[in-house]
Number of protein chains: 2
Amino acid sequence: MVTIKDVAREAGVSVATVSRVLNDNGYVGADTRKKVMEAIAELNYSPNEVARSLYKRESRLIGLLLPDITNPFFPQLARGVEDELSQAGYRLLLGNSDENIQKELDYIQTFVQNNVVGIITATNHVDYKIYEALDLPLVLLDRASENYPAVFADGREGGRLAAKTLIEKGSKRITLVKGPANIKPAQDRFQGAIEELSQADVDFSVLSTTSYSFEEAQGWAEELFDKFSDTDGVIASNDIVGIAIVHEALERGKRIPDDVQIIGYDDIPQSRLSYPTLSTIRQPAYEMGREAAKLLIRTIKKEPGVEQTIQMPVELVERKTTRKD
Amino acid sequence: MVTIKDVAREAGVSVATVSRVLNDNGYVGADTRKKVMEAIAELNYSPNEVARSLYKRESRLIGLLLPDITNPFFPQLARGVEDELSQAGYRLLLGNSDENIQKELDYIQTFVQNNVVGIITATNHVDYKIYEALDLPLVLLDRASENYPAVFADGREGGRLAAKTLIEKGSKRITLVKGPANIKPAQDRFQGAIEELSQADVDFSVLSTTSYSFEEAQGWAEELFDKFSDTDGVIASNDIVGIAIVHEALERGKRIPDDVQIIGYDDIPQSRLSYPTLSTIRQPAYEMGREAAKLLIRTIKKEPGVEQTIQMPVELVERKTTRKD
DNA sequence: TTGAAAGCGCTACCAC
DNA sequence: GTGGTAGCGCTTTCAA
């Protein structure tokens, strides 16, 4: 490993001087600077971040905590976060919590042990006690909060929009799929949909589900049509479940959208590849990730007047599982 | 921040002693140990990994370099890696390279700067010059190599299997979709398919594509049926493209699998949610991730006789886009 | 069985 | 403008 000492020796100056040119602060004579630069290039030196981090008590690392990168909504978030962060010179320490509190605690702890300068968490099972004690910039992603900066989409409005869409397009016996109870955003969109459905002149029923997983989605879809075989409009808890429902409807010989309309939630990339393509409520996941990263960077830099909360717009994406008018 | 000094003071011992109980080495009297443990608990102390890392010149961090987490094949790999690694007490520094050599170099450099103890890379655009100079355990994931430990699935065999399947099930005018030229595994499976097709008594044609992205998949599918409208069997370059092709075939009024059979590659989770469900060649992505992590850990620990290379089996998953016999 | 102290690579303060 | 050096939190000799 080549260290600052080697560079100093090579350039015939002191380590202090090398450090100055490295960090571009303090006075350094033009030719001294040149010598140092040459030595750096010559030795192919790059500073040890660990030593820096130790001294300055802060790294260029940021912790990102996700429920499960395997759920196609999260890679988008993660990518948005990374793209913004890496551009600003930060690197990502990644953890998947599976909404398991112990894993979450473990990751938070190692984030701290590694001197991260901030944390972004998209976890729902948040135990505020840890976060409270955390003396670190924190931003919540895909989750609202009164206590922390947060970036999230308007779930309630999204739920309303989904319901309104099906109602306007003529569904009369709507089935609303309720996502996992412990996932806050799932409940928000559920509430929004309920509000809208309650005010309208339609029958509706609710199917309770406890997961978003690919493995189980098919099961929920079957259960749905077993229980509510005559439904003519389904509001899915997310796109995975929505795609599974489309699939199952076709399997049972229903015509989409004539016999049954289906609307998803999230707008994951594969929704436009389903057949028929899935109408859905879009959350701008990638942009949410970017915004969260920007917000975090601003709070790290202690910029004044940083908004506590960014609510991203939700949007109807009309494709082929809803009727044309 | 509570440091080892605080603990030492609280316990009435020296920092050396605290360090000894922390690392469980050297002699420590039973009651001294007890006092220290109590102080640690009392102060809720956990050691600063950065300081440790600096002194020992190695961290508990591992760098993971991926082309793009947004491509659904990679979250599975990543999750496998993480599950295995975190269990062994390692944490993940994550980077997406987009197959861009500069990003790759940047990430590698910061991995090194942060004292990672090893690197796993699933990048194809590998510039061996950097890796050669790297004095660090490295394992290649989803990529074969003679020079480095690697975990990958048998692409050639997979390609063969895909072709053989379509041939056996009666396709006579097969279209083979060739994946991006710079992606090694894509070429392996392509070669395997070519081999098999060449030996068989069928016509076939090749469609060249340059990406795996969701955005463009639809375009490839359209191009395919525009150019080869009478094809009765398609070997897709991966499942994303496969799903897009299924979609487009249906759109054009073709019956699947009667008019055209389609076989994908990877077995990403959403393949079983497509309609009809996609027959495909499965790569055990999650397990590949785990194996890569295990392999890395073993080489880090310098265990003797570590295999240089692990080839994972590839497997036909028959679903609804191929005929039943 | 324990403590003192050097030193990991770097930054920042204080002299000159 | 530049160099010497203390010190970031920890581990590991070396002595006692």
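Just so we're on the same page: letters track the sequence lines, and every chain starts at 1.
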Practice task
With DNA chain C as reference, determine whether A:V18 or B:V28 sits nearer its 5' end, using the nearest nucleotide of each.
Solution key: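 Upstream on the strand: B:V28.
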Practice task
Let me know, please, whether B:A51 or B:G12 comes out on the 5' side of the other along DNA chain C by nearest nucleotide.
Solution key: B:G12
Let me know the distance between [atom1] of [X] and [atom2] of [N], rounded to the nearest Å.
X	N	atom1	atom2	answer
B:L54	D:dT11	CG	C1'	11 Å
A:R57	D:dA6	CZ	C1'	13 Å
B:E49	C:dC8	CD	C1'	15 Å
B:K5	C:dG3	NZ	C1'	14 Å
A:R52	C:dG9	CZ	P	14 Å
B:Y55	D:dG9	OH	P	17 Å
A:N48	C:dG9	CG	C1'	6 Å
B:L22	D:dG9	CG	P	15 Å

Practice task
Go through D:dG3, C:dG9, D:dT11 for me and flag the one nearest to the A:S14 side chain.
Solution key: D:dG3
Carboxylate-amine/guanidinium contact [X] [Y], below 4.0 Å:
X	Y	value
A:D68	B:R79	yes
A:R52	A:E49	yes
A:K34	A:D31	no
B:K294	B:E291	yes

For a quick test of reading the model: is some side-chain N or O of [X] closer than 4.0 Å to OP1 or OP2 of [N]?
X	N	value
B:N25	D:dT11	no
B:R33	C:dT1	no
A:T3	C:dG9	no
A:Y45	C:dC10	yes
A:T17	D:dG3	yes

Heavy atoms under 4.0 Å, any strand shown: does [X] hit a base, just sugar-phosphate, or nothing?
X	result
B:S19	base
B:V13	sugar-phosphate
A:T32	sugar-phosphate

Exercise for the section: Would you kindly say whether A:D106 and A:Q102 are connected by a side-chain donor-acceptor distance under 3.5 Å? Expected result: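 A donor-acceptor contact under 3.5 Å links the two side chains.
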Exercise for the section: Determine whether any donor atom in the side chain of B:R20 lies under 3.5 Å from an acceptor atom in the base of C:dG3, or the reverse, and answer yes or no. Expected result: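 Counting by modelled atom types and ignoring angles, a donor-acceptor contact under 3.5 Å is found here.
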